[in-house]
Every structure is written in C-alpha cells, then in structure tokens.
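One structure is given below, encoded as structure tokens.
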Amino acid sequence: MAAADWSGESVIMVAPTMTALIMATPAIVTSTFPMTVASTTTGISAAADGNEIVDREPSSEASILVIASIISVCLSCIALCALLCWSRRMIVNRGGDLTAKHRIPELQTGAGDTGEVSEQDVADQSRMLGISLDFAISVFPEEAQVMVERFVRLALTQQSRSERTQSLLTKISVAGDLGGNVHTMNFLELADIVAHGEVAYGKGLICPRDGMLDCSIVDAVRSRGHSARATVFLSWFWQYKLSMVLSSLRKFRSRLTNPEQCFVWWCFFLNNQFRILGDSKPQDFFTLKTIFATQLRNVGRMVAMMDRVVESRYSTRLWCLFEVFTVTSEEIPFEVLLPSEASVEIDILLQQGGLGQLRSAIQVDAGQARASFEDDEKNIKSMIEDMPGAYDTLNKAVRTELRRAVEAEISLLVGDALRKSI
C-alpha cells in the first residue's frame, strides 16, 4: 500500500497488530532464552534469610538481554505513536476525521498534491470558495426544485410539525404536484430547504471549518466541480426571488469572456447556514463585518445586484449600503446588475427626463435603511454615526457610486439592444 493510500481504516487494522507485538515481546524473550531469563530474574531479586542476604549476581549476558528487551518494547511504542500521528495528519489534511462517514475532498493549496495542509488552512480556503456561476444558473434551480418536492413529501409524513415547517409548507404551493415553482420563492424561503435542514445539500457532510457534521453548499458541491476560489463578490438582498436573480445572472454571464471560470462569493452558498439559520444563532455584527470586508479585499471585485432603479430594495438594506461604502473606501472595482425587466423602467425614465431623471431616481438614505437583525442595524448605524459627516458622508458616497454604476449598466444595456437590432 502506498503511503498516500493510508486511511483511518488502515490505522485501525495496523494498531492492534503493533499492540500485540509489544505485549508479546517479554514472552518471546522468555521462551527464546528460558534459562538465562530465569537466572536473571533470580539474580535481580534477593533471597533474604533473617538478617543475612545471599546475593546472586546476574551474568553480563543476561543483563544485556534484559536491556535489549526493554529497548525493543520502547522502540515498538515509538513506532506505533509515530504511525498513528502520521496517519491522523493525513486524514485531517483530507478534510475529515476517523469517525466521519462522509468526507469532503481536500482543498487545493497551490503547493501541489503533496503539500501539507493544516486544519486552519483548510478552513480558510473553504471560506474563500465561490459558487460556480454556471451552477447557479443552470444546475441549482433544477436541484432546488427536487429538494422542495422531497421536503414536502417528508413534511407530509410527519404527524407533528414544527411551526417553522408548517409555515414553510404554507408558503409553498399546496398543489397536488407536491410543491410550488422554486422560481417564485425568495432565498429566505429556499434557505430553509436547500441550505439547512434534512434535505439540504450539506446534510451529513463534515464541515471543514469546524470539523462538525453539516456543511455549507459550496463545500458540499466542491467534489462535483461546482465551487472554487471566488473571483467576484456578490452584494444582494435575501428576499429577491430566484427568477429575478437568474435574470440578472444570465445577463451578467453573457458579458463575460470566460463565464465558466466565474465563481461567486455569495453568502447564501458560502456561509454554513446550518450554524446560522438552522441553529438560530446569527453571527455577531463585528464577526460578519470582518468576514465581508476581508473577503471583499481578497476577491477584489464586487457586483451589486439591484432589483430596480426607482425605490430599489437594495438601497434600503444596511448591509448592502455598507458593502458599497466599503468598496468605495477601498477603491475596489464594482458594477451594478439589473434584471432584464428593468429595461422597461429605464426606458420610461429616459423618456421622462433623460439621464438627469435617471440620476435623481437613485436615492440613498442610510438613516432609514434596515437590517434583518436588530443588533446588525444598531451596530452599522453606530459605525456610520461615528464617521466624519455621519449619514451625509455615506449617503453621498453610496449614491454617487450607485449612479455611476447604473449609468454604466445602462450603456451596456443600450449596447446589447443595438447589437440585437443589427
């Protein structure tokens, strides 16, 4: 068996053999040199007769044999410990543990297949994964539909359902074909089925970030080639419907030179929702702030997904505004994505007053923006209020950048329309 092929099962098989060998060493020595060992034992112990002690000196040959026996046992122990430690390291590098039934393939390090990877390296690389753009557009909708139908079938067999499950069943169509169309569901609804729960992607797989069962979607689909190091960061709103998101992503894909190499850092797919939504333990603001800011810098490019120009829900979300402000402050390139349906709205705005009307339609008021969790909203607003100029500074910076990005998007839309008309 080659060294690279050692596994936990191999260790379990070898360990008893090594242990038996160690335990048998004294017996082997005794059976091989019975008289010598016996005399040695007699020599080492003293025969006492009253106050008189009769000493019997062991032969030098016997002493050497005893020492050799002890050394043999010690060397066997050292060999066993070294084998167990080496094998444990190999398994950890593969992203699992001795008891895991399902393991996620090791993450590439850039140091080659033989490069050693620490558990922290594996966790850090997992957090930098992006979901394949092609997977999100072409594969995910179909698989999500199957999962929704499985969820409904499973829920209907349960005699007592949790309030959360019953609420989700109510949201899903009660049609006889076992469920509604996933394209009409928003991502908060989808998350309860595909991102955590009994039928979710990562159910039963070891999470490379904490070594516990159940992992994120990007980790679950990595062995299928659907995730890799992120190339673009997505800023978006969880209550967008899947149909709108797909419309924006398809348009984005059509403009990429190598769309198959695009991997999106997307919190829905990236974060382990079993820990956040499933356990109802949202990460604190400062942890999330560090994660988002760090990943934005590491990825180095952001796309902001807006649902519309006028009264966009994107502009009412504090996390979205925080992300736009971050890329502005860090001078990170970013662009706006708009769904195909926004073309009609843009045409109307341009007809009503040209680009001036369009610019004035984009408004930002961070003071009125909201976050899903109260602590997040409180902390983001506190951070804004501590800035020089407070809300005025952030509103102006974000509004200016959104207007610039929207105008660039409109130019692309016009270019797309002209190309189609030729």
Side-chain angles (χ1 to χ4, degrees), residues 92 94-97 100-109 117 119-137 139-141 143-144 146-148 150-151 182 186-236 238 240 242 245 249 262-284 287-296 298-299 319 372-373:
V92 167
R94 290 170 181 251
D97 58 34
K101 293 183 179 179
H102 305 287
R103 297 174 186 151
I104 296 171
E106 63 271 27
L107 296 170
Q108 297 302 319
T109 64
V117 189
E119 292 183 37
Q120 186 60 49
D121 288 336
V122 171
D124 290 342
Q125 291 166 32
S126 170
R127 294 186 180 96
M128 280 303 300
L129 290 175
I131 196 71
S132 163
L133 179 61
D134 285 343
F135 171 84
I137 294 173
V139 181
F140 174 72
E143 294 187 345
V146 172
M147 289 181 181
V148 168
R150 286 175 56 199
F151 169 83
V182 291
N186 67 46
F187 279 79
L188 279 175
E189 296 164 346
L190 284 171
D192 285 337
I193 299 173
V194 305
H196 69 94
E198 292 303 313
V199 301
Y201 277 100
K203 183 64 178 178
L205 295 178
I206 295 292
C207 175
R209 303 170 201 179
D210 59 18
M212 299 170 62
L213 282 175
D214 305 333
C215 68
S216 69
I217 297 178
V218 290
D219 287 317
V221 302
R222 187 178 183 277
S223 62
R224 296 160 56 191
H226 294 317
S227 65
R229 186 177 177 87
T231 59
V232 63
F233 183 103
L234 178 66
S235 178
W236 72 309
W238 275 72
Y240 288 158
L242 178 59
V245 169
L249 292 180
C262 180
F263 294 88
V264 185
W265 197 98
W266 190 343
C267 59
F268 175 84
F269 294 94
L270 183 284
N271 289 337
N272 188 339
Q273 306 303 345
F274 284 95
R275 307 290 185 266
I276 300 175
L277 298 178
D279 295 341
S280 299
K281 295 178 180 178
Q283 290 178 294
D284 66 274
T287 299
L288 285 175
K289 175 177 176 288
T290 300
I291 290 174
F292 284 129
T294 300
Q295 306 309 354
L296 263 174
N298 289 338
V299 175
W319 272 113
S372 298
F373 298 104

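A 4.5 Å side-chain heavy-atom check between Ile193 and Arg150 finds every atom pair outside the cut-off. The shortest side-chain heavy-atom distance between Phe140 and Leu242 falls under the 4.5 Å cut-off. Here the side chains of Ile131 and Val221 are in contact, with some heavy-atom distance below 4.5 Å. Counting only heavy atoms from C-beta outward, the side chains of Arg222 and Ser227 approach each other to under 4.5 Å. At a threshold of 4.5 Å between non-hydrogen side-chain atoms, the residues Arg275 and Met212 count as touching. Put simply, the side chain of Gln273 does not reach to within 4.5 Å of the side chain of Asp192, judged on heavy atoms. Between Asp121 and Gln125, some side-chain heavy-atom pair lies under the 4.5 Å cut-off. Gln295 places none of its side-chain heavy atoms less than 4.5 Å from the side chain of Leu270.
In this view, Trp236 satisfies the side chain to side chain donor-acceptor pair (under 3.5 Å) rule with no residue, not counting sequence neighbours. By the ring-ring contact (aromatic ring centres under 6.0 Å, His included) test, Tyr240 is found to be paired with Phe237, residues two or more places apart in sequence or in another chain being considered. With sequence neighbours left out, Thr294 forms a side chain to side chain contact (heavy atoms under 4.5 Å, CB included) with Thr290, Arg297, Asn298. Remark: Leu188 pairs with Asn186, Trp238, Gln239 by the side chain to side chain contact (heavy atoms under 4.5 Å, CB included) rule, at least two apart or across chains. In this structure Ala136 satisfies the side chain to side chain contact (heavy atoms under 4.5 Å, CB included) test together with Leu249, Trp266, sequence neighbours excluded.
Taking SG of Cys215 as the reference point, atom CG of Asn272 lies at 6.5 Å (rounded to 0.5 Å). Taking SG of Cys267 as the reference point, atom CG of Leu234 lies at 7.5 Å (rounded to 0.5 Å). To the nearest 0.5 Å, atom OG of residue Ser235 and atom CG of residue Leu296 are 8.0 Å apart.
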Original post:
How far apart are the C-alpha atoms of Ile206 and Leu213, what are their side-chain angles, what is the distance that settles it, and do they pass the side-chain contact (heavy atoms from CB on, under 4.5 Å) test?
Top reply: CA-CA 4 Å; Ile206 295 292; Leu213 282 175; 3.8 Å; yes
Original post:
Given the rule in the side-chain contact (heavy atoms from CB on, under 4.5 Å) test, do Trp319 and Ser372 qualify, once you have shown the distances and angles that lead to the verdict?
Top reply: CA-CA 9 Å; Trp319 272 113; Ser372 298; over 6 Å; no
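Under the 3.5 Å distance criterion, the side-chain polar atoms of Asp214 are left unmatched by any main-chain donor or acceptor of Lys203. When atom types are taken as modelled, the side chain of Ser216 and the backbone of Asn271 share no donor-acceptor pair closer than 3.5 angstrom.
Among residues at least two apart or in separate chains, ring-ring contact (aromatic ring centres under 6.0 Å, His included) pairs with a member in residues 198-231 are Phe135-His226.
Salt-bridge check for Arg127 with Asp124: passed, with a basic side-chain N closer than 4.0 Å to an acidic carboxylate O.
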